[in-house]
There are 2 protein chains.
Amino acid sequence: MESKVMSIGVVCELTGLSERQIRYYEERKLIFPERTKGGNRRYSFEDVTTIQEIHQKMQEGFNTYELKQLKQSKKQRCSPIFR
Amino acid sequence: MESKVMSIGVVCELTGLSERQIRYYEERKLIFPERTKGGNRRYSFEDVTTIQEIHQKMQEGFNTYELKQLKQSKKQRCSPIFR
DNA sequence: CGTGTAAGGAATTCTGACACG
DNA sequence: CGTGTAAGGAATTCTGACACG
């Protein structure tokens, strides 16, 4: 389910995290919710999974910069250039 | 996906129907969204599908009472008593 | 019956900032 | 760095009612 349908409040319930934390992950460019015409964020179930993974990694000691690096290195290894 | 995560605005976008129509289906007991602590409705993807089916049937000439009857007869045929 | 609408209020979300560390 | 919070405003949703038919 990749459709962006959830408000931040629902994501908080699903993840147990605060709005602040979720918005911070976005600020660090780790998640990319859509926006309604009025400017409200909309998240997908994939986003929720990603958020949970981010939180898990952070509890293991990674910071957001490192997580960003990890994501990008994964992307590179999967890109056509590397095949 | 049976989790109730969507606000009525998202359901409107997904179905192309108005808030009024969607709330009316609930009034006629054809759908059963959950509520947040504050009283806001939350719908699942299953609800969206059901809403689309209801709208389809209504365009075919059924009224909400008949649709309610249809649902109940389906339930009865599937109930243990009828096996 | 099914749906549009204006009305007023309440719940939800937004941003930018200050704070701590 | 990551997160809590109070502040003020804006978007979203709620209910009950009137309207048409």
Side-chain angles (χ1 to χ4, degrees), chain A residues 3-45 47-73, chain B residues 3-45 47-73:
Chain A
S3 44
K4 309 270 189 174
V5 296
M6 285 176 275
S7 64
I8 197 165
V10 174
V11 177
C12 288
E13 284 180 23
L14 262 44
T15 62
L17 303 179
S18 68
E19 295 184 8
R20 187 70 165 94
Q21 288 173 299
I22 294 167
R23 292 199 193 104
Y24 183 66
Y25 299 167
E26 179 183 358
E27 187 182 322
R28 302 315 306 268
K29 304 207 185 302
L30 293 172
I31 50 175
F32 305 93
E34 288 182 353
R35 295 279 185 151
T36 63
K37 299 168 190 173
N40 283 19
R41 275 167 265 251
R42 289 285 176 256
Y43 302 86
S44 66
F45 279 99
D47 289 328
V48 172
T49 302
T50 303
I51 289 168
Q52 288 169 329
E53 289 171 354
I54 293 168
H55 183 63
Q56 176 62 32
K57 287 294 181 188
M58 288 181 65
Q59 283 194 319
E60 291 171 9
F62 294 94
N63 64 33
T64 54
Y65 180 74
E66 293 166 333
L67 292 181
K68 180 75 177 172
Q69 298 300 309
L70 275 178
K71 280 208 174 189
Q72 292 192 331
S73 63
Chain B
S3 43
K4 308 273 189 173
V5 296
M6 285 175 275
S7 64
I8 196 164
V10 174
V11 178
C12 288
E13 284 181 22
L14 263 45
T15 62
L17 303 180
S18 67
E19 296 185 8
R20 186 70 165 93
Q21 289 173 298
I22 294 167
R23 293 200 192 103
Y24 183 66
Y25 299 167
E26 179 182 0
E27 187 183 321
R28 301 315 306 269
K29 303 205 184 304
L30 292 173
I31 50 175
F32 306 92
E34 289 182 352
R35 296 278 185 151
T36 64
K37 299 169 190 171
N40 285 16
R41 275 167 265 251
R42 289 286 176 255
Y43 302 85
S44 65
F45 280 100
D47 288 329
V48 171
T49 301
T50 304
I51 289 168
Q52 288 169 329
E53 289 171 353
I54 293 169
H55 183 63
Q56 176 62 32
K57 287 294 181 186
M58 287 181 67
Q59 284 194 320
E60 292 172 7
F62 295 93
N63 64 35
T64 54
Y65 180 73
E66 293 167 332
L67 292 180
K68 181 74 177 171
Q69 298 301 307
L70 276 178
K71 279 209 175 188
Q72 292 192 331
S73 64

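Labels below follow one simple rule: chain letters A, B, ... track the order of the sequence lines, proteins then strands, and each chain is numbered from 1.
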Notebook entry, point to check: Can you tell me how far CD1 of A:Ile54 sits from OG1 of A:Thr15, rounded to the nearest 0.5 angstrom?
Noted result: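 Those atoms lie 10.5 Å apart.
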Next item on the list: Find the distance between CG (A:Leu67) and CG (A:Leu30) and round it off to the nearest 0.5 Å.
Entry: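 Spacing of CG (A:Leu67) from CG (A:Leu30) equals 6.0 Å.
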Measuring to OP1 and OP2 of [N], would you say a side-chain N or O of [X] lies under 4.0 angstrom away?
X: A:Ser7; N: C:dT12; result: no
X: A:Arg23; N: C:dC14; result: yes
X: A:Arg41; N: C:dT15; result: yes
X: A:Tyr24; N: D:dT3; result: no
X: B:Ser18; N: C:dG4; result: yes
X: A:Arg35; N: C:dT15; result: yes

Distance, rounded to the nearest Å, where [X] contributes [atom1] and [N] contributes [atom2]:
X: B:Glu19; N: C:dG2; atom1: CD; atom2: C1'; value: 16 Å
X: A:Met6; N: D:dT12; atom1: CE; atom2: P; value: 18 Å
X: B:Lys37; N: C:dT13; atom1: NZ; atom2: P; value: 12 Å
X: A:Gln59; N: D:dT3; atom1: CD; atom2: P; value: 10 Å
X: B:Leu17; N: D:dT13; atom1: CG; atom2: C1'; value: 17 Å
X: A:His55; N: D:dG2; atom1: NE2; atom2: C1'; value: 12 Å
X: B:Met58; N: C:dG2; atom1: CE; atom2: C1'; value: 6 Å
X: B:Arg42; N: D:dT13; atom1: CZ; atom2: P; value: 8 Å

Checklist line | Heavy-atom neighbours of B:Lys68 NZ exceed 12 at 6.0 Å | finding: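 Yes, enclosed.
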Next item on the list: Look at atom NZ of A:Lys4 and say whether more than 12 heavy atoms of other residues, nucleotides or ligands are closer to it than 6.0 Å.
Entry: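 Enclosed.
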Notebook entry, point to check: Below 3.5 Å, does any donor atom in the side chain of B:Arg20 face an acceptor in the base of C:dT5, or the other way round?
Noted result: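 Side chain to base: pair found, below 3.5 Å.
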Item checked: Residue met sooner reading DNA chain D from 5', once A:Thr36 and A:Tyr65 are mapped to nucleotides ->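 Nearest-nucleotide comparison on DNA chain D picks A:Tyr65.
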Check: Given that both distances must come in under 3.5 Å, which nucleotide forms a Watson-Crick or G-U wobble pair with D:dT3?
Finding: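 Result: C:dA19.
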Next item on the list: Would you mind pulling out the nucleotide paired to C:dC14, Watson-Crick or G-U wobble, both distances under 3.5 Å?
Entry: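 The answer is D:dG8, by the H-bond criterion.
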Next item on the list: Evaluate the criterion side chain to side chain donor-acceptor pair (under 3.5 Å) for residue pair A:Gln56 and A:Glu60; output intermediate values, then yes/no.
Entry: CA-CA 6 Å; A:Gln56 176 62 32; A:Glu60 291 171 9; 3.0 Å; yes
Notebook entry, point to check: Of B:Arg28 and B:Gly39, whose closest DNA chain C nucleotide lies nearer the 5' terminus?
Noted result: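 On the 5' side of the pair lies B:Arg28.
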Notebook entry, point to check: Closest to the A:Ile8 side chain: C:dC14, D:dT3, C:dG4?
Noted result: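 Nucleotide nearest to A:Ile8's side chain: C:dC14.
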